[in-house]
Amino acid sequence: MATRDPRVDAYIAQAAEFARPILTWLRDVVHRHCPEVEESIKWGFPHFLHHGMLCSMAAFKQHCSFGFWKGTLFVADSRNDEAMGQFGRITSLEDAPDEKLLGGYIRQAMQFNESGTRPARRTKDAAPRAPAEVPDDLAAALKKNRKAAAVFEGFSNTNRREYIEWITEAKRAETRAKRLAQTLEWLAEGKARNWKYQDC
């Protein structure tokens with residue numbers, strides 16, 4: 001039986017004015033296509049559950065995002081270089097994915113969760129990955145910021161790779177520049193790329 005969590009109501013009410021109709025519409029679409037969905041707040045933003053994590057939505061200062069927990073298995077043309085989730089920066093209802101498309105993805109996500117399908121993982125006996133090559137712009141920026149450089153050098157290959165891939169996967173120069181600046185800020189604070197989720 002579907003549940004609506006009052007904390008999601010509160011989250012939507014506290015979002016910026018532009019975001020409220022977007023979040024309300026996304027929430028309603030999920031409920032229409034997954035009648036037994038349950039709601040929760042995890043990591044500070046709304047999640048939808050059906051035999052496990054199904055999808056989530058979030059509001060930021062100037063955009064909203066929406067994504068599927070197992071989206072790598074079925075979402076075509078993912079725009080996760082632009083924002084969290086697979087649908088880029090949603091700034092109005094016109095930016096939101098078409099309901100027919102989104103409904104199809106919701107049903108696919110439901111089937112994957114019901115069947116227990118998981119994204120492929122590297123096996124334990126796989127050869128360890130070589131350290132990622134530090135791009136020139138990151139190397140130059142680290143030379144100018146000793147504190148960030150010291151943290152970066154002290155990180156594991158995995159933590160370094162997460163930052164490197166985040167920067168190099170940006171498709172636009174502006175996005176890359178923003179990610180580079182954010183990387184330096186977080187490194188100077190001693191934070192790993194996914195620091196927000198470490199204590200969840």
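All residue numbers in this chain count up from 1 along the given sequence.
- A 4.5 Å side-chain heavy-atom check between Glu36 and His50 finds at least one atom pair inside the cut-off.
- The side chain to side chain contact (heavy atoms under 4.5 Å, CB included) search around Ser156 returns Thr158, Asn159, not counting sequence neighbours.
- The local environment of CD in Glu114 is crowded, with over 12 non-hydrogen atoms from other residues, nucleotides or ligands closer than 6.0 Å.
- At a threshold of 4.5 Å between non-hydrogen side-chain atoms, the residues Leu23 and Ile12 count as touching.
- Atom OG in Ser56 sits 8.5 Å away from atom CH2 in Trp43 (nearest 0.5 Å).
- Residues Thr183 and Leu138 are in side-chain contact: their nearest non-hydrogen atoms beyond the backbone lie under 4.5 Å apart.
- Atom CZ of residue Phe68 and atom CG of residue Asn113 lie 10.5 Å apart, to the nearest 0.5 angstrom.
- When all heavy atoms of Leu93 and Pro21 are compared, the closest pair comes out as CD2-O, 3.8 Å.
- Of all heavy-atom pairs spanning Leu49 and Met53, the tightest one is CD2-SD, 3.6 Å.
- Remark: Phe87 CZ to Cys64 SG distance equals 14.0 Å, nearest 0.5 Å.
- A distance-only check finds a donor-acceptor pair linking the side chain of His47 to the backbone of Phe45 [under 3.5 Å].
- At distances below 3.5 Å, not a single donor-acceptor pair connects side-chain atoms of Arg193 with backbone N or O atoms of Trp166.
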query: Is there a side chain to side chain contact (heavy atoms under 4.5 Å, CB included) between Val134 and Phe152 once you walk through the steps?
result: CA-CA 11 Å; Val134 179; Phe152 187 77; 3.9 Å; yes

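- Side-chain contact between Phe66 and Ile90: present, with at least one pair of heavy atoms (C-beta onward) separated by less than 4.5 Å.
- Rounded to the nearest 0.5 angstrom, Thr24 OG1 and Met57 CE are separated by 7.0 Å.
- The two residues His33 and Met110 come nearest to each other via the heavy atoms O-SD, 3.5 Å.
- Shortest non-hydrogen contact noted between Thr91 and Gln62 is CG2-O, 3.3 Å.
- Of all non-hydrogen atoms in Ala170 and Thr175, the two that sit nearest each other are CB-CG2, 3.8 Å.
- How far NZ of Lys178 is from CD1 of Ile167: 15.0 Å, rounded to the nearest 0.5 Å.
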- request: Apply side chain to side chain contact (heavy atoms under 4.5 Å, CB included) to the pair Ile22 and Asp95, showing each step before the final yes or no.
  value: CA-CA 9 Å; Ile22 299 168; Asp95 292 335; over 6 Å; no

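- Note on Arg27 versus Asp5: no salt bridge recorded, every NZ/NE/NH1/NH2 to OD/OE distance being 4.0 Å or above.
- Between Val37 and Ile106 the shortest side-chain heavy-atom distance does not fall below 4.5 Å.
- In this structure, Leu102 CG and Arg107 CZ are separated by 9.5 Å, a value rounded to the nearest 0.5 Å.
- A salt bridge links Glu99 to Arg32: at least one charged side-chain nitrogen sits closer than 4.0 Å to a carboxylate oxygen.
- Within the 4.5 Å cutoff, the side chain of Ser65 has heavy atoms near those of the Phe60 side chain.
- By the side-chain hydrogen bond (donor to acceptor under 3.5 Å, both in side chains) test, Arg20 pairs with no residue at all, sequence neighbours left out.
- Contact of the Trp69 side chain with the Phe112 side chain is not registered, since no non-hydrogen atoms from C-beta on lie closer than 4.5 Å.
- Judged as a side-chain hydrogen bond (donor to acceptor under 3.5 Å, both in side chains), the pairs with a partner in residues 135-154 (not counting sequence neighbours) are, in order, Asp137-Arg176.
- Between His31 and Phe48, the two ring planes are perpendicular [angle over 60°; tilted spans 30° to 60°].
- Minimum heavy-atom separation, Val30 to Cys55: CG2-SG, 4.0 Å.
- At least one donor-acceptor pair under 3.5 Å links the side chain of Tyr11 to the backbone N or O of Ala59.
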